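Heads up: the structure comes next, in structure tokens.
A quick note: this is a predicted structure, and the numbers were derived from the prediction, not measured. Keep in mind that the numbers below use all heavy atoms, side chains included, and drop hydrogens, waters and symmetry copies.
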Amino acid sequence: MSQDFDADVAIIGYGPSGVIAALTLARQGVSVVAFERDRDIYPRARAVTVNDWTMRIFQNLGIDERIGKVIDPQRMLRWVTYAGEEVMRIEHPPSALGVGPRFYNIYQPTMEAELRAAGTDYGDRLAVHYGAEVTGVDQDEAGVTVTTTDPATGRTRTHRTRYVIGADGGSSRTRGWIGARLDGETAETLWIVIDCAVRRWWPDRDVLTFWTDRERPVVDIALSGGHHRWELPLLHGETEADFPTNAEVWPLLEAIGVTEDDVTVHRYAFYRHHVRMADTWRNGRVFLVGDAAHLMPPWAGAGMQTGMRDAYDLGWKLGRVLGGALPDTWLDTYEAERRPNAAFYTDLAVRLGRVIEQKASPAEIEAMNAVPEGLVTPHEPPLTAPPTLTGGWIHGGIGDASIIGRMVPQPIVGDTAGRMARLDDLLGDGFVLLGDDIDPAILLTPGQRAAWDALGARCVAVRPRDVHTRGRDDLVDLDDVLRPWLQRYGARVVAVRPDRFVAADDVHGLTVPTR
């Protein structure tokens, strides 16, 4: 790194999205400086869940075991009326991503503390300045100058970096500095969020429950570490001023059968739902991730997770660009891949909200649960379906019958040395060509081989468990998962990206995708 730069990347905001960006970059040897205006972690639990996709990101960052100690498995979710009628239920199927359950309940302040603690493992490579408010971002052809101000003293400093990531939330200043517009709307209804400490267990306490009602729908969710949350809308005419103390909050809980024998009110706050997205997530060397780029209602439990996935997608690409392994044109794929996914979860949250608020018609509810005919892929509701890419760095058609854009399942596999481990732990961090009992190199043209070699891709044959391995990079499909998955889509070889999505297959041609 040139002495003209204080770090490779500056990150504005050190919430979950900012931390994941920092960890992803630092793990690749990139120097990072992060600025967080608050000196302490925000004490209120905002996000309430993570799923197996997010946990696989944690695994690939080497932090899944540490995070796993402070989160709890989630069994199922349901929609019920106050009369006790169950409108809809989703039981979580087993995860194919090799990280335990499909969903987990979290307590965000505790999980966020673990994420930040993981950052300290990188020493000087990841410097975090708490109590530093970013007051200016100015870029030129060579880099970006970030100005920070200490709110306590008024002292300003400048920092020179190659790139900047704005992870500074829904009120992002970075968004304004790059000239982005936040399109969409904010709902008029004000919600109260009540966070409690559990005093005793009650029936189905661990089932995520949405109490559907036109006037007072309720989100009822167990959080990890003995915490529980209820979210309720204020009725017409009610304001924050009507709830000055816990005494005024208790009637809301008592109306749904919760008593002081069950919980202690820890804290409560108010918020409105947003359905908004920035019209661009990038200007030159400055990028937006998380709430700075998009805001969604909480019903799909994906707001925080979408931000962390933004950060990981941008981080693994930007790290390789800075390391010289990829050209900077790769950065054009960031928004192309992440915007459709953010839009998907925003739309899903809106539709689930209509069910919760009893605004969805029977036809809408039926459509959400409908199983299309003739599927190649086993059907799962959108909320629990495995992750997919619909654009960006992929080659070939997407759809039910295509393997392109799908995330590779992660079973336990064996290697030629007799070790048994999760697939990702043996694949490493780079690009990989996986073959169904075949050396992928056999199906590559000289031009294709040269292009994949330029990306540092390994060729790995996945062998059945009843044969000998042949090459040093062979893996054994111990649980008979990978080979049937490839065969379901008619693929003999797939090209897998570092984030474990399939970029190409021999059905569509093993050409390196264009950017």
Give a yes or no on whether the backbone of [Y] and the side-chain of [X] come within a donor-acceptor separation of less than 3.5 Å.
| X | Y | answer |
| --- | --- | --- |
| Asp38 | Asp40 | no |
| Arg175 | Ala292 | yes |
| Trp452 | Leu510 | yes |
| Arg320 | Trp316 | yes |
| Thr54 | Val50 | no |
| Thr209 | Val207 | yes |
| Thr469 | Asp474 | no |
| Arg497 | Ala503 | no |
| Asp477 | Leu482 | yes |
| Arg465 | Val476 | no |

Is the NZ or CZ atom of Arg285 positioned over Tyr163's six-membered ring, under 6.0 angstrom from the centre and within 45° of the axis? yes
Checking Arg205 against Trp201: charged group under 6.0 Å from the ring centre and within 45 degrees of the axis?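 Checked: cation-pi criterion met.
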Classify the ring geometry of His227 against Tyr107: parallel below 30°, tilted from 30° to 60°, perpendicular beyond 60°.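 Ring orientation, 0 to 90° scale: parallel.
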In the structure I gave you, are the side-chain heavy atoms of [X] and [Y] within less than 4.5 Å of one another anywhere?
| X | Y | result |
| --- | --- | --- |
| Trp53 | Pro386 | no |
| Asp332 | Arg282 | yes |
| Trp79 | Leu352 | yes |
| Leu77 | Ile221 | no |
| Leu389 | Asn341 | no |
| Leu331 | Val321 | yes |
| Asn51 | Tyr104 | no |
| Asn60 | Asp429 | no |

Identify the two heavy atoms, one from [X] and one from [Y], that lie closest to each other, and give their separation to 0.1 Å.
| X | Y | answer |
| --- | --- | --- |
| Ala7 | Val33 | CB-CG1, 3.9 Å |
| Gly397 | Ile404 | O-CB, 3.5 Å |
| Gly290 | Ser17 | CA-OG, 3.9 Å |

Kindly write out the residues that satisfy ring-ring contact (aromatic ring centres under 6.0 Å, His included) with [X], not counting sequence neighbours, or none if the list is empty.
| X | answer |
| --- | --- |
| Phe35 | His129, His159 |
| Tyr334 | Trp281 |
| Phe103 | His92 |
| Trp299 | Trp191, His273 |

Are a donor atom and an acceptor atom from the side chains of [X] and [Y] found within less than 3.5 Å of each other?
| X | Y | answer |
| --- | --- | --- |
| Gln74 | Asp206 | no |
| Asp168 | Thr174 | yes |
| Asp195 | His228 | no |
| Asp8 | Ser31 | yes |

May I ask you to decide whether [X] forms a salt bridge with [Y], counting only side-chain N to carboxylate O separations under 4.0 Å?
| X | Y | value |
| --- | --- | --- |
| Asp499 | Arg56 | no |
| Arg492 | Asp506 | no |
| Arg500 | Asp424 | yes |

Quick test of your reading: applying salt bridge (charged side-chain N to carboxylate O under 4.0 Å, His left out), list the pairs with at least one residue in residues 113-126, sequence neighbours left out, ordered by first then second residue.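 Matches after skipping sequence neighbours: Arg66-Glu114, Arg66-Asp121, Glu112-Arg116.
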Does anything in residues 95-105 pair up under salt bridge (charged side-chain N to carboxylate O under 4.0 Å, His left out), and if so which pairs, sequence neighbours excluded?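 For residues 95-105, and leaving out neighbouring residues, the salt bridge (charged side-chain N to carboxylate O under 4.0 Å, His left out) pairs sorted by first residue read Asp52-Arg102, Arg102-Glu380.
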With sequence neighbours excluded, tell me which residues meet side-chain contact (heavy atoms from CB on, under 4.5 Å) with [X].
| X | value |
| --- | --- |
| Pro372 | Leu375, His379 |
| Arg422 | Gln59, Asp64, Val99, Gln410, Ile412, Asp425 |
| Ala21 | Ile11, Ile165, Ala311 |
| Ala401 | Val376 |

Please determine whether salt bridge (Lys or Arg N to Asp or Glu O under 4.0 Å) holds for the pair Arg483 and Asp436, giving the CA-CA distance in whole Å, both sets of side-chain angles, and the decisive distance to 0.1 Å. CA-CA 6 Å; Arg483 296 182 61 246; Asp436 176 11; 2.6 Å; yes
Could you please spell out the steps behind the salt bridge (Lys or Arg N to Asp or Glu O under 4.0 Å) verdict for Arg309 and Asp313? CA-CA 6 Å; Arg309 294 164 190 164; Asp313 183 278; over 6 Å; no
Apply salt bridge (Lys or Arg N to Asp or Glu O under 4.0 Å) to the pair Asp204 and Arg78, showing each step before the final yes or no. CA-CA 11 Å; Asp204 287 329; Arg78 61 181 179 172; 3.7 Å; yes
Pair Tyr14-Leu115, side-chain contact (heavy atoms from CB on, under 4.5 Å): steps then yes or no: CA-CA 10 Å; Tyr14 206 56; Leu115 289 173; over 6 Å; no
Per the side-chain hydrogen bond (donor to acceptor under 3.5 Å, both in side chains) rule, what does the pair list look like for residues 395-408, sequence neighbours excluded?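 The answer is Thr377-Asp400, Thr377-Arg406, Arg406-Tyr489.
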Check against salt bridge (Lys or Arg N to Asp or Glu O under 4.0 Å), Asp6 and Arg160: CA-CA 5 Å; Asp6 300 300; Arg160 185 73 172 157; over 6 Å; no
Using 0.5 Å steps for rounding, measure from the CG atom of Leu433 to the CG atom of Asp505.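 So the CG of Leu433 and the CG of Asp505 are separated by 11.5 Å.
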Centroid separation under 6.0 Å, is that true for the rings of Phe431 and Trp393? yes
Test log, rule side-chain hydrogen bond (donor to acceptor under 3.5 Å, both in side chains), inputs His294 and Asp310: CA-CA 10 Å; His294 45 74; Asp310 295 343; 2.6 Å; yes
Is it the case that atom CZ in Arg37 sees more than 12 heavy atoms from other parts of the structure closer than 6.0 Å? no
For Arg419, the side chain to side chain donor-acceptor pair (under 3.5 Å) test, sequence neighbours excluded, returns Asp415
